[in-house]
K.L.:
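Dumping the structure here so I can ask a few things about it.
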Amino acid sequence: MPELPEVETTRRGIAPMLHNRVPRQVVVRQVKLRWPVPVTALQGWCGAPIEQVWRRGKWLGLSSDHGHVLIHLGMSGCLRIVPADCPVQAHDHVDVVLDHGKVLRYTDPRRFGAWLFTATDPLHHPRLRHLGPEPLSAAFTSEWLARQCSRSRRAIKALIMDSRVVVGVGNIYATEALFRAGIHPARGANTLSKRAVSRLVAEIQAVLAAAIEQGGTTLQDFTRPDGHPGYFAQALQVYGRAGQPCPRCGTLLHQQQIAQRSSVFCPVCQPL
DNA sequence: CAAAGGTCCTGCTCGC
DNA sequence: TGCGAGCAGGACCTTT
């Protein structure tokens, strides 16, 4: 499910229900996520009101006087606020029971997600320490991306999906941004002109901002914490449309594996 | 059987 | 030959 827009949509959905609420208990039904869930630390975190519900890249943070819970949704993770008597389903791995009778429930069939805890500065945590700039912040400039491109021969798509270069850009939005910028996903990063890099920065920002505005992309089972779908799927121009005509020139869209991820592109609008 | 929205880790290759 | 950096591929897991 989640790239940056879906994580941000999740954050906005759950934050109002968590702010100033006191977690009373954390129930862990499945310890084996990406890393073992730190059950004891999560229980110790209970008892203090949640002051901040924040996001860094695709990580969500719940911060209180007792420390910081770090949550990653992986490929199939989902967070919702449910009533305390909501029946537990398969893959409902973690509950945070809150003082107002509701529960923050984490569901993740593939278990690529993570729940971590740190008592110290969460941005210094080993998993967050090396993250690159936020794509929608002033720190993500064409100068920055051009510098990263100049020292890499990797495919440009792999580069922009590298969280040390820029956070939050996954397969859907990398595919869309490259189409909008007219850049072939397999182009060597160091072969891009400065102009192409600027265009790419602008398109990454535009596509992410638009997707957040629309509440994220709902494919298969992504729904927002309020149960509504995201509406950005209808705005996708090439992702999931291999074999269909390019929306710009009508040529049939190609699909190929690039950096182990399926990539859709227009061979005419995005020449190699 | 292949593929699905993520990303960490291992081990290879290349250049100094 | 040895070392570090950069990179590709495998790994994790379930569902469709």
Side-chain angles (χ1 to χ4, degrees), chain A residues 1-10 29-37 55-60 70-79 89-94 106-116 125-132 135 147-178 185-190 204 207-208 211-212 214-224 229-243 255-264:
Chain A
M1 143 185 51
E3 299 186 35
L4 187 147
E6 290 72 39
V7 179
E8 178 61 19
T9 297
T10 297
R29 299 184 195 83
Q30 171 59 270
V31 175
K32 288 172 62 179
L33 300 183
R34 186 79 157 80
W35 295 277
V37 178
R55 179 188 61 73
R56 175 77 175 97
K58 295 173 188 169
W59 287 93
L60 286 167
L70 303 173
I71 303 168
H72 198 292
L73 302 178
M75 287 280 252
S76 58
C78 172
L79 282 170
Q89 314 260 36
H91 314 302
D92 289 346
H93 304 313
V94 183
Y106 178 74
T107 307
D108 185 2
R110 292 177 71 179
R111 286 193 260 140
F112 288 176
W115 280 61
L116 302 175
H125 187 277
R127 299 275 71 81
L128 280 69
R129 186 184 302 160
H130 298 111
L131 294 180
R147 172 154 186 73
Q148 302 305 310
C149 285
S150 70
R151 33 147 102 172
S152 171
R153 306 177 59 169
R154 303 164 78 186
I156 184 60
K157 180 155 178 269
L159 195 80
I160 61 175
M161 291 177 67
D162 183 335
S163 62
R164 290 166 301 186
V165 173
V166 58
V167 296
V169 182
N171 201 28
I172 295 178
Y173 299 111
T175 298
E176 291 295 311
L178 287 164
R187 273 281 293 278
N190 61 349
I204 287 171
V207 76
L208 292 176
I212 291 170
Q214 297 289 306
T217 298
T218 293
L219 300 176
Q220 298 181 32
D221 60 355
F222 173 69
T223 46
R224 308 191 307 188
Y231 291 104
F232 195 71
Q234 41 199 307
L236 297 177
Q237 299 192 69
V238 290
Y239 183 88
R241 297 188 188 277
Q255 176 162 10
Q256 88 183 48
Q257 294 286 118
I258 292 164
Q260 286 90 260
R261 308 302 297 275
S262 107
S263 301
V264 183

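Quick note on labels: first sequence line is chain A, next is B, and so on, each numbered from 1.
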K.L.:
Can you classify the ring geometry of A/Y106 versus A/H93 as parallel (below 30°), tilted (30 to 60°) or perpendicular (above 60°)?
P.N.:
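Geometry flag for A/H93 against A/Y106: tilted rings.
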
K.L.:
If we require ring centres under 5.5 Å and near-parallel planes under 30°, does A/F112 stack on C/dC13?
P.N.:
no

K.L.:
Using atom CG of A/D108 as one end and atom C1' of B/dT7 as the other, report the distance to the nearest whole Å.
P.N.:
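Computing the A/D108:CG to B/dT7:C1' distance gives 14 Å.
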
K.L.:
Taking CZ from A/R261 and P from C/dG10, how many angstroms apart are they, rounded to a whole number?
P.N.:
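Nearest whole value for this atom pair: 15 Å.
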
K.L.:
Considering all heavy atoms of both residues, which atom of A/M75 and which atom of A/P2 are nearest to each other, and what is their separation?
P.N.:
O-CD, 3.5 Å

K.L.:
If you measure from the P atom in C/dT16 to the same atom in B/dT7, how many Å do you get, rounded?
P.N.:
23 Å

K.L.:
Measure from the side chain of A/W35, starting at C-beta and using heavy atoms only, and say which of C/dT14, B/dG5, B/dC9 lies closest.
P.N.:
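Per side-chain heavy atoms of A/W35, the pick is B/dC9.
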
K.L.:
Decide whether A/T107 and A/D92 meet the rule of one side-chain donor and one side-chain acceptor closer than 3.5 Å.
P.N.:
yes

K.L.:
Strictly by Watson-Crick or wobble contacts shorter than 3.5 Å, is anything paired with C/dC13, and which nucleotide is it?
P.N.:
none

K.L.:
Test your reading of the model: is there a side-chain donor-acceptor pair from A/S263 to the backbone of A/R261, 3.5 Å cut-off?
P.N.:
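At least one qualifying donor-acceptor pair exists.
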
K.L.:
Is there a donor and acceptor pair closer than 3.5 Å between the side chain of A/R110 and the base of C/dC13?
P.N.:
yes

K.L.:
Nearest 0.5 Å please: distance from the CG atom of A/L4 over to the CZ atom of A/R55.
P.N.:
4.0 Å

K.L.:
To the side chain of A/R127, which of B/dA4, B/dG6, B/dC9 is closest?
P.N.:
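So the side chain of A/R127 is nearest to B/dC9.
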
K.L.:
Give a yes or no on whether the backbone of A/P5 and the side-chain of A/E3 come within a donor-acceptor separation of less than 3.5 Å.
P.N.:
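No; zero donor-acceptor contacts below 3.5 Å.
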
K.L.:
Side-chain N or O of A/S76 versus OP1/OP2 of B/dA4: is the shortest distance under 4.0 Å?
P.N.:
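No.
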
K.L.:
Closer than 4.0 Å, any side-chain N/O of A/H91 to the OP1 or OP2 of C/dT14?
P.N.:
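No, no such contact exists.
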
K.L.:
Would you mind reporting whether A/I172 and A/F232 have side-chain heavy atoms less than 4.5 Å apart?
P.N.:
no

K.L.:
If I take atom NE2 in residue A/H93 and atom P in nucleotide C/dC13, what distance separates them, rounded to the nearest angstrom?
P.N.:
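Between P of C/dC13 and NE2 of A/H93: 11 Å.
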
K.L.:
A/S152 side chain N/O closer than 4.0 Å to the phosphate oxygens (OP1, OP2) of C/dG6?
P.N.:
no

K.L.:
At less than 4.0 Å, is any side-chain N or O atom of A/Q260 found next to OP1 or OP2 of B/dG5? Yes or no.
P.N.:
no

K.L.:
Expressed in angstrom and rounded to an integer, what is the separation of A/W59 atom CH2 from B/dT7 atom P?
P.N.:
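So the CH2-P distance, A/W59 to B/dT7, works out to 9 Å.
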
K.L.:
Can you pull out the residues from residues 154-168 of chain A that lie within a 4.0 Å heavy-atom distance of DNA chain C?
P.N.:
A/R154

K.L.:
Distance check, P atoms only: C/dC13 and B/dT10, in whole angstrom units.
P.N.:
16 Å

K.L.:
Among B/dA4, B/dT7, C/dA8, which nucleotide has an atom closest to any side-chain atom of A/M75?
P.N.:
B/dA4

K.L.:
Determine the contact category for A/Q30: base if any of its heavy atoms lies under 4.0 Å from a base atom, sugar-phosphate if only primed atoms, P, OP1 or OP2 are that close, otherwise nothing.
P.N.:
nothing

K.L.:
Do the non-hydrogen side-chain atoms of A/L73 and A/E6 ever get within less than 4.5 Å of each other?
P.N.:
no

K.L.:
Look only at the side chain of A/T175 and the backbone of A/V264, and say whether a donor-acceptor pair between them is shorter than 3.5 Å.
P.N.:
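Side chain of A/T175 to backbone of A/V264, a donor-acceptor pair under 3.5 Å: no, none is there.
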
K.L.:
Go through C/dT15, C/dC13, B/dG5 for me and flag the one nearest to the A/Y239 side chain.
P.N.:
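Out of C/dT15, C/dC13, B/dG5, the nucleotide with an atom closest to A/Y239's side chain is B/dG5.
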
K.L.:
Expressed in angstrom and rounded to an integer, what is the separation of A/K58 atom NZ from B/dC8 atom P?
P.N.:
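That distance rounds to 10 Å.
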
K.L.:
Expressed in angstrom and rounded to an integer, what is the separation of A/N171 atom CG from B/dA3 atom C1'?
P.N.:
11 Å

K.L.:
Using the C1' atom as the point on both nucleotides, what is the distance between B/dG5 and C/dC7, in whole Å?
P.N.:
23 Å

K.L.:
Let me know the distance between CZ of A/R153 and P of C/dG6, rounded to the nearest Å.
P.N.:
13 Å

K.L.:
Less than 3.5 Å between a donor and an acceptor, one on the side chain of A/E3 and one on the base of B/dG5, is that the case here?
P.N.:
no

K.L.:
Mind calculating the distance between NE2 (A/H72) and P (C/dC12) to the nearest angstrom?
P.N.:
19 Å

K.L.:
Which residue, A/R34 or A/A90, contacts DNA chain C at a nucleotide closer to its 5' end, judged by nearest heavy atom?
P.N.:
A/R34

